[in-house]
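Quick notes on the structure that follows.
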Amino acid sequence: MARFSSLIDEPKDTKRIVYVSWVQEELSAACLDKLKKSFGANNQDNFGREIELHTNDVSASAGQAVGEIRNVWGVVTDFIGLLCNDYIISRREACQQGIEPDLIYFIKKRKRGESDLIMWLFPIETCSFEKISFKGAEEPLPNINFEWWHGDSNEIQFPSESLATKQRFSQDINHRVLLILEHDADNCKPCTSSDQAKGKT
Amino acid sequence: MSTENMPLIFISYKHADYSTKIAKKLRVALEVISEALNFRIFLDDDTIRSSDDWREQIDHALGEMTHFIALLTDEYLAKSSTECRRELLTAIQRYEDNKKTKLLFIMVDEINPSLVVLAGERKAGKLVSDDPKINSLGDIHFLGPFNAAKQLVRLVWEDDAILRQQIKQLLDNFQRTLPPADHGPI
């Protein structure tokens, strides 16, 4: 069940563990760099919770998370997927090799509804979620078109050399980070509708 | 659907510089949706070429393909590109022999497809058909890319942002060529 902002008063609610999942490619790297700067400038969300940022280790293969990062997976409150074609293929290849990649781990966790995990999408390339499947996963996914994805579904525009496009890119990432910082499960449609669907409200 | 019955997309390209880069990007974009839409992809890449039977693999794919996607560059169409020419003529032959192969071209370099005529190949016996349908490449359907005015333009491969958008358009157009039953999710 999503953590209602009105209930934030316990020690474990003082921190949000944000995990960014990405693949090594140009625009994703640019987005991650901007994300780090944005979260660096805003190290607390709108409810006073500290933001702690982690990313997967791109030097490892998609599913073979280095030990320390794998330990973080269990306490992540916010998953950010920098979604592009290369990313999807890398996660699918991990599944086919019998390794559970981070994306699938977190989707399964969210589907079980056992934590307050929020899944954020950052479309590096527009992905039709109903056409992205993971047949090779331990629990095959026919698609990843879930109602509980959060975030702006518009594709992130790659900046070119012009100052205008660089500014637009910067503003876009800042806008998306703001959505994360402002997130209030009480008034969030993906959170409340999925909770209602589970009969929890 | 068994693997053998799934549509097979053959990507034909000149192994050089930006053409190879585009082919690989296109293959990745197609792979993302290939599971859900039930189709296979064949790309003659380094992995294929490193095997001893690479030519047999290409011939097998040419014999099975349902969709032939050609990345048209000046080099691809050059007479010296014998392998590209062989693949192109094989695809056209299959199309004209009604073997259910769709011809889908992508404009990479600025070329005028109507000026790429096939009369020479027919005269030389390299393209033999009882029902020749294609006089030039201008007679063949292009996947794109198209600008806002629906005019065929070239792939702007040197600008990654524009290339991503164009590849998305190509994919949208490609999906319309699949059998209707394959359009939905699994």
Side-chain angles (χ1 to χ4, degrees), chain A residues 23-31 62 81-96 101 103-104 121-137 139-146 153-162 164-166 168-169 172, chain B residues 1-3 6-7 9 11 18 20-43 45-47 69 144-145 155-186:
Chain A
V23 71
Q24 181 66 54
E25 64 97 41
E26 197 174 351
L27 182 51
S28 298
C31 281
L82 303 190
L83 303 176
C84 63
N85 291 330
D86 285 335
Y87 175 90
I88 298 295
I89 296 301
S90 75
R91 271 47 186 179
R92 190 178 286 167
E93 285 174 350
C95 291
Q96 291 165 351
L103 174 68
I104 302 303
L121 64 90
F122 274 53
I124 304 295
E125 286 171 320
T126 302
C127 305
S128 298
F129 278 17
E130 70 275 11
K131 292 173 187 164
I132 296 173
S133 62
F134 289 90
K135 285 185 186 178
E139 297 169 24
L141 292 167
N143 61 67
I144 58 172
N145 194 25
F146 302 114
S153 61
N154 291 313
E155 189 173 311
I156 297 170
Q157 297 298 308
F158 196 35
S160 63
E161 291 301 315
S162 78
T165 62
K166 288 178 180 172
R168 183 184 63 196
F169 172 72
D172 187 2
Chain B
M1 184 187 293
S2 68
T3 304
M6 287 165 58
I9 319 305
I11 302 175
Y18 56 89
T20 299
K21 169 191 164 183
I22 294 163
K24 289 180 177 176
K25 272 191 176 298
L26 182 64
R27 193 260 300 274
V28 168
L30 287 168
E31 268 186 30
V32 170
I33 59 174
S34 63
E35 265 195 10
L37 299 186
N38 292 318
F39 63 85
R40 298 168 291 156
I41 304 157
F42 181 87
L43 180 77
D45 59 7
D46 294 340
T47 306
I69 296 179
L155 274 182
V156 184
W157 51 266
E158 62 272 26
D159 186 319
D160 206 52
I162 299 176
L163 180 60
R164 286 172 192 254
Q165 291 298 322
Q166 289 181 318
I167 286 181
K168 181 181 178 310
Q169 184 197 80
L170 294 173
L171 237 66
D172 288 343
N173 293 341
F174 161 75
Q175 288 179 62
R176 296 192 189 98
T177 71
L178 291 172
D182 293 317
H183 277 232
I186 308 171

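Order of the sequence lines fixes the chain letters, A, B, ..., with proteins taken first and strands second; residue numbering starts at 1 for each chain. Side-chain atoms are counted along with the backbone in the values below, which use heavy atoms only and exclude waters and symmetry mates.
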Between A:Glu161 and chain B, which part of the residue has a heavy atom less than 4.5 Å away: side chain, backbone, both or neither?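 A:Glu161 has no heavy atom closer than 4.5 Å to chain B.
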Tell me every residue that passes salt bridge (Lys or Arg N to Asp or Glu O under 4.0 Å) with A:Asp86, counting only those two or more places apart in sequence or in another chain.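 Per chain and number, A:Asp86 pairs via salt bridge (Lys or Arg N to Asp or Glu O under 4.0 Å) with no residue.
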Salt bridge (Lys or Arg N to Asp or Glu O under 4.0 Å) involving B:Asp159 - partner list, sequence neighbours excluded: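 If we apply the salt bridge (Lys or Arg N to Asp or Glu O under 4.0 Å) test to B:Asp159, skipping adjacent residues, there are no hits.
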Counting N and O atoms only, with roles assigned by atom type, does the side chain of B:Glu35 sit under 3.5 Å from a partner on the main chain of A:Lys135, one being a donor and the other an acceptor? yes
Does B:Lys25, at its NZ atom, have more than 12 non-hydrogen atoms belonging to other residues, nucleotides or ligands within less than 6.0 Å?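 For B:Lys25, atom NZ is crowded (more than 12 foreign heavy atoms under 6.0 Å).
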Would you give the length of the straight line joining atom [atom1] of [X] to atom [atom2] of [Y], rounded to the nearest 0.5 angstrom?
X: A:Ile89; Y: B:Ser34; atom1: CD1; atom2: OG; answer: 6.5 Å
X: A:Ser128; Y: B:Asp172; atom1: OG; atom2: CG; answer: 7.0 Å
X: A:Arg92; Y: B:Glu31; atom1: CZ; atom2: CD; answer: 7.5 Å

Is A:Glu125 paired with B:Arg164 through a side-chain N to carboxylate O contact shorter than 4.0 Å? yes
Residue among B:Val28, B:Ile33, B:Val32 satisfying side chain to side chain contact (heavy atoms under 4.5 Å, CB included) with A:Ile88: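 Among B:Val28, B:Ile33, B:Val32, the one meeting side chain to side chain contact (heavy atoms under 4.5 Å, CB included) with A:Ile88 is B:Val32.
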Closest approach of B:Ala36 and A:Ser133, non-hydrogen atoms and distance? N-OG, 3.6 Å
